[in-house]
Amino acid sequence: MELDTIAAISTPMGEGAIAIVRLSGKDAVEIAGRLYKGKIRLEEAATHTINYGHISDPATGEVVEEVMVSILRAPRTFTKEDIIEINCHGGIVSVNKVLQLVLKEGARLAEPGEFTKRAFLNGRIDLSQAEGVMDLIRSKTDRAMKVALSQMEGKLSTRIQKLRQALLETVAHVEVNIDYPEYDAEEMTLDLLREKSEFVKNDIEKLLQTAQQGKILRDGLSTVIIGRPNVGKSSLLNSLVHDNRAIVTDVPGTTRDVLEEYVNVRGVPLRLLDTAGIRETEDVVEKIGVERSRKLVNEAELVLLVLNFNEELTPADEELFRISEGRDRIIIINKTDLPQNIDMDRVTELKEGQPLVTTSLLKDEGLDELEEAIKQLFFSGNIESGDLTYVSNSRHIALLNQAHTTISDALEAIESGMPVDMVQIDITKTWDLLGEVIGDSVHESLIDQLFSQFCLGK
Amino acid sequence: MNYHGGDYDVIVIGAGHAGVEAGLAAARMGADTLMLTLNLDAVAYMPCNPSVGGPAKGIVVREIDALGGEMGRNIDKTHIQMRMLNTGKGPAVRALRAQADKYLYQHEMKKTIEETENLMLRQGMVEELIVEDGEVKGVVTQTGAKYNAKTVIITTGTYLRGKVIIGDLAYESGPNNMQPSVNLSYHLQDLGFEMVRFKTGTPPRVNSNTIDYSKTEIQPGDDVPRAFSYETTKYITDQLPCWLTYTNEETHHLINNNLDRSPMYSGMIEGTGPRYCPSIEDKIVRFNDKPRHQVFLEPEGRNTQEVYVQGLSTSLPEDVQMKILKTVPGLENARMMRAGYAIEYDAMVPTQLWPSLETKKIKGLFTAGQINGTSGYEEAAGQGVMAGINAALSVQGKDPLILDRSEAYIGVLIDDLVTKGTNEPYRLLTSRAEYRLLLRHDNADLRLTETGHKIGLISEERYERFLEKNREIDKEIKRLKNTVIKMTDEAQKVMEEAGTAALKDAINAAVLLKRPEITYGHVAKLVPPEAPVNEDVAEQVEIQIKYEGYIAKQMEQVEKLKKMENKKLPEDLDYSAINGLAIEARQKLAEVKPLSVAQASRVSGVNPSDVSVLLVYLEQGRLKKINSSEESSSSLAE
């Protein structure tokens with residue numbers, strides 16, 4: 001009933017100087033050993049060493065790759081199982097060949113995140129760390145990587161533990177009033193409960209605010225470029241993609257969605273929608289018209305509305321303003337290299353205080369300003385640089401939302417004059433939910449708190 | 001020389017609070033039962049505080065009553081005072097507490113036992129069990145009597161290798177200088193049971209005539225007549241008060257100066273004491289910033305001058321105890337009648353038990369009460385009644401009765417013990433119950449009478465009354481939900497009296513009852529039922545309507561729990577062969593042998609990932625495979 005041995009390419013496809021095939025499981029060393037030729041046999045290599053050699057196809061004897069093989073024996077590994085990492089040259093062909101050989105020798109292709117799952121199942125990491133790692137796997141920008149890292153290091157855990165401790169002390173106080181009604185502890189009044197509950201509610205709200213940013217960091221800010229034909233949508237798309245490193249999104253086993261592209265704009269990951277539509281022919285957009293734009297705008301979290309500096313505003317422009325009303329939006333007035341014909345007063349009126357950038361994409365002007373505007377819009381300038389405690393995992397967000405509901409219920413019960421022990425039901429529930437976020441809901445700690453906080457006896 | 005003493009279905013060793021309930025339940029279920037106790041004058045003895053009930057514990061007493069047990073009826077006949085606690089809070093935490101006349105309590109209980117059919121009470125010290133092929137067959141007493149039995153229940157309290165400690169004085173003794181039971185403890189160890197050493201203590205007693213009550217605060221009983229038992233119809237109206245006073249700086253100073261003479265700090269005591277029941281020296285050391293501690297003066301009975309000094313539990317030397325008393329207002333001239341002491345005793349590690357309280361090691365052998373690591377008369381009695389029921393069911397060849405955590409505090413208590421074990425004497429607290437809104441003082445009969453009737457401990461007559469009460473509750477709730485209260489002058493007057501907002505429109509009677517200020521009385525005044533309902537029916541109607549939302553929420557959680565309770569695990573599952581379980585979880589699960597995934601999830605050291613591994617294996621039907629293939633366990637890594 002041993003867990004079987006899994007393998008996968010654990011570096012992004014097609015990028016970087018090296019690519020790594022990773023194996024985990026009790027047969028990892030044996031499987032790799034059958035393919036590896038080096039100074040010593042892999043089975044005899046010391047643990048936590050890296051060994052130079054070649055991978056060859058046992059069927060033909062043909063050498064397929066020059067490699068460095070890391071051998072990490074259980075239990076001091078990420079999954080607590082034997083791990084082999086075969087470092088190949090970058091590129092797709094050779095690493096794929098190595099993977100195929102490994103699979104042929106008995107390993108099973110890992111499902112996405114399965115290494116982490118094993119680390120979790122083998123007790124190597126706790127739930128919130130595991131989910132942090134899952135996000136790490138999927139993180140699409142450097143910043144998202146940092147958020148995932150800090151969650152793993154337990155920043156979220158620490159913050160939630162603080163919150164739980166505050167709740168625990170409150171609950172213990174209520175409990176001592178209940179279990180020791182004659183004990184001379186101050187009565188936990190509804191007023192005191194209200195104060196504590198409001199504090200906790202506010203903090204949960206703060207955490208949830210970061211959740212939105214965390215989600216964007218992970219999934220990308222869905223962005224649509226709209227505008228009449230020939231205003232420069234295509235140039236804008238190209239500039240954004242060329243100026244910024246395009247991000248590879250492929251998770252093994254999924255095909256890349258050709259309709260979307262990811263770019264990292266100053267730490268903000270943009271998921272550009274309908275890029276194929278923009279690239280293929282701009283005429284099509286005109287034909288499908290406003291309906292299509294409207295649909296895209298509805299899907300988007302950020303709208304880039306492009307206007308032509310050289311032309312007067314048309315009814316179509318005004319319509320685009322109208323359909324993107326109320327959205328996070330940046331107005332881009334392109335073609336400033338040509339004479340002005342646009343009515344800037346009217347534009348100012350229509351943009352409703354939202355950011356406006358003038359560009360000449362032809363001359364590579366104004367792109368910096370646009371990127372800065374995107375960054376400002378997203379981070380709102382109020383994120384402290386070191387504060388990366390984003391809640392970026394949807395399970396955490398769901399639990400925090402539930403916790404927010406239960407603490408709100410508690411406050412409502414306080415307002416309607418429910419007895420403390422009823423109010424306490426929702427407070428305890430909040431404590432439990434927060435515990436679920438960090439994978440810790442041991443009830444015994446309440447009893448411990450009770451006896452360390454109060455002096456009780458017969 | 002051994003001689004044949006007799007043949008019984010059930011033998012109960014011990015006649016304390018666990019023993020008497022066990023014996024009575026078994027005998028009443030028709031089992032031929034023998035109760036053996038060290039001293040017939042110590043039946044249902046209260047060696048510590050003279051009180052029964054309180055938060056959580058009081059609810060246990062009601063549960064015992066609903067199951068046909070004796071504690072509730074007995075205290076109703078023998079108390080000197082009764083109070084409902086937590087009346088200012090919600091219904092879930094209200095609890096009844098009685099001050100007992102501890103002598104009357106004993107006499108009354110002994111009388112009941114003597115009058116019970118199928119029940120033989122006899123003095124004798126059991127030294128050995130007769131065990132054949134992992135099954136208990138009987139007991140042997142110190143005097144050589146050999147009794148055969150199909151089942152045996154051990155309820156030895158603090159008597160097992162008991163040792164009393166007062167200052168630097170220590171001697172082998174049961175509570176209050178009773179004879180200890182020494183050989184049985186060694187015998188249990190020989191049989192392979194793991195034992196632990198626990199400690200508890202009791203305060204000094206003083207003579208009431210020498211207390212200056214004018215310096216204390218009076219603590220009277222409730223004016224309203226109260227009762228634990230659903231069968232009680234005669235109420236005691238003549239109540240005695242308790243009194244409250246406090247320790248002070250002088251007391252604390254004195255104790256601090258004598259700490260070196262305390263066995264707690266000299267290392268003489270090896271047993272683990274409970275955190276919730278610390279001695280006064282413990283309180284002063286651990287909470288040295290607290291300027292005073294409460295001291296309750298509780299009469300031990302109507303025909304004695306002895307007063308229990310609650311709050312001054314201590315094992316300091318006798319001369320220090322006398323000095324301590326003199327520092328407390330009201331006790332300046334008090335004469336001490338008995339000194340406080342600490343007592344150490346052997347208890348069994350309770351994870352060696354199935355939830356039926358039968359030992360895993362020896363079939364037919366049950367244990368209940370303090371021997372299982374608990375403290376408190378009510379906790380003991382709750383286990384006693386369950387052990388008695390299950391021994392009798394076992395004799396009848398029936399499945400055991402196991403109450404779950406959503407049914408009864410008794411269920412919480414036993415599940416905690418057998419699943420988590422305990423590293424200190426275990427006390428029930430309301431906070432140990434996840435569903436305490438369902439486990440109320442007021443609905444113990446609604447929860448358990450059906451069960452009590454089914455096993456034959458509740459009479460037909462009482463059962464009929466219970467069914468009638470149920471019908472009336474349902475009928476009245478239905479009526480209120482279908483009744484509209486019109487916006488009349490009379491209605492507005494009632495609103496004003498109740499201190500709630502005036503009606504803006506006609507309102508549904510049930511909706512109105514949900515307002516915190518409104519009682520069933522208010523509603524019934526405006527829209528009275530055809531015939532007035534009983535007070536206990538009115539109480540249920542009010543609680544069930546008023547807290548409907550909260551109750552529904554807890555019921556939902558209970559449904560989830562039941563799903564996990566229904567995922568059964570085989571008793572003999574080889575956890576070492578389940579990959580993905582943490583090493584600690586494997587060991588703990590193999591030790592506890594949980595009967596369901598829900599119970600497994602409560603085993604300490606088993607974390608959520610272990611539970612998901614168990615679920616995954618269950619889902620995939622792998623547990624079966626693991627159990628049937630021995631060789632798989634040998635292929636394990638680590």
Are the side chain of Q294(B) and the backbone of E182(A) linked by a donor-acceptor contact shorter than 3.5 Å?
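Side chain of Q294(B) to backbone of E182(A): a pair is present.
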
Under 4.5 Å from any heavy atom of chain A - which part of K546(B):
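Just the backbone, heavy atoms under 4.5 Å.
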
Atom of P419(A), atom of G90(B) and distance for their closest heavy-atom approach
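Where P419(A) meets G90(B) most closely, the heavy atoms are CB-N, 3.3 Å.
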
Test: R436(B) and E175(A) ion pair at under 4.0 Å
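Salt bridge: yes.
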
Examine whether an atom of N177(A) lies under 4.5 Å from a heavy atom of chain B, and if so say whether it belongs to the side chain, the backbone or both; otherwise answer neither.
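For N177(A), backbone and side chain are both near chain B.
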
Highest number of heavy-atom pairs under 4.5 Å with chain A: which of R97(B), E517(B), R292(B), Q557(B)?
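Result: the option with the highest number of such pairs is R97(B).
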
Taking side chain as everything from C-beta outward and backbone as N, CA, C, O, which of these in Q554(B) sits under 4.5 Å from a heavy atom of chain A? Side chain, backbone, both or neither.
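Interface part for Q554(B): side chain.
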
Flag side-chain contact, heavy atom, 4.5 Å: Y180(A) against L85(B)
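No - every pair of side-chain heavy atoms lies 4.5 Å or more apart.
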
What part of R94(B) gets closer than 4.5 Å to chain A, counting heavy atoms only: side chain, backbone, both or neither?
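Contact with chain A is absent: no heavy atom of R94(B) under 4.5 Å.
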
Checking side-chain contact (heavy atoms from CB on, under 4.5 Å) for the pair D432(A)/E434(B): CA distance, chi angles, key distance, verdict?
CA-CA 11 Å; D432(A) 279 338; E434(B) 299 86 343; over 6 Å; no

Closest approach of P91(B) and D421(A), non-hydrogen atoms and distance?
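The pair with the smallest heavy-atom distance is N-OD2, 4.4 Å.
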
Do the non-hydrogen side-chain atoms of R83(B) and P181(A) ever get within less than 4.5 Å of each other?
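R83(B) does not reach P181(A) side chain to side chain.
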
Is D179(A) salt-bridged to R432(B), going by a charged N under 4.0 Å from an acidic O?
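No, D179(A) and R432(B) are not salt-bridged.
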
Distance from Q424(A) atom CD to L437(B) atom CG, nearest 0.5 Å?
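One gets 10.5 Å once the value is rounded to the nearest 0.5 Å.
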
Answer with side chain, backbone, both or neither: which region of I425(A) has an atom nearer than 4.5 Å to a non-hydrogen atom of chain B?
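Just the side chain, heavy atoms under 4.5 Å.
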
Taking only residues two or more places apart in sequence or in another chain, which ones pass side-chain hydrogen bond (donor to acceptor under 3.5 Å, both in side chains) with K89(B)?
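With neighbours one apart ignored, the set is N86(B).
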
Between Y550(B) and M422(A), which heavy-atom pair has the shortest distance, and what is it?
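Heavy atoms only, the tightest pair is CE2-O, 3.6 Å.
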
Can you say whether E584(B) sits under 4.5 Å from chain A via the side chain, the backbone, both, or neither, judging by heavy atoms?
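Neither; nothing under 4.5 Å.
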
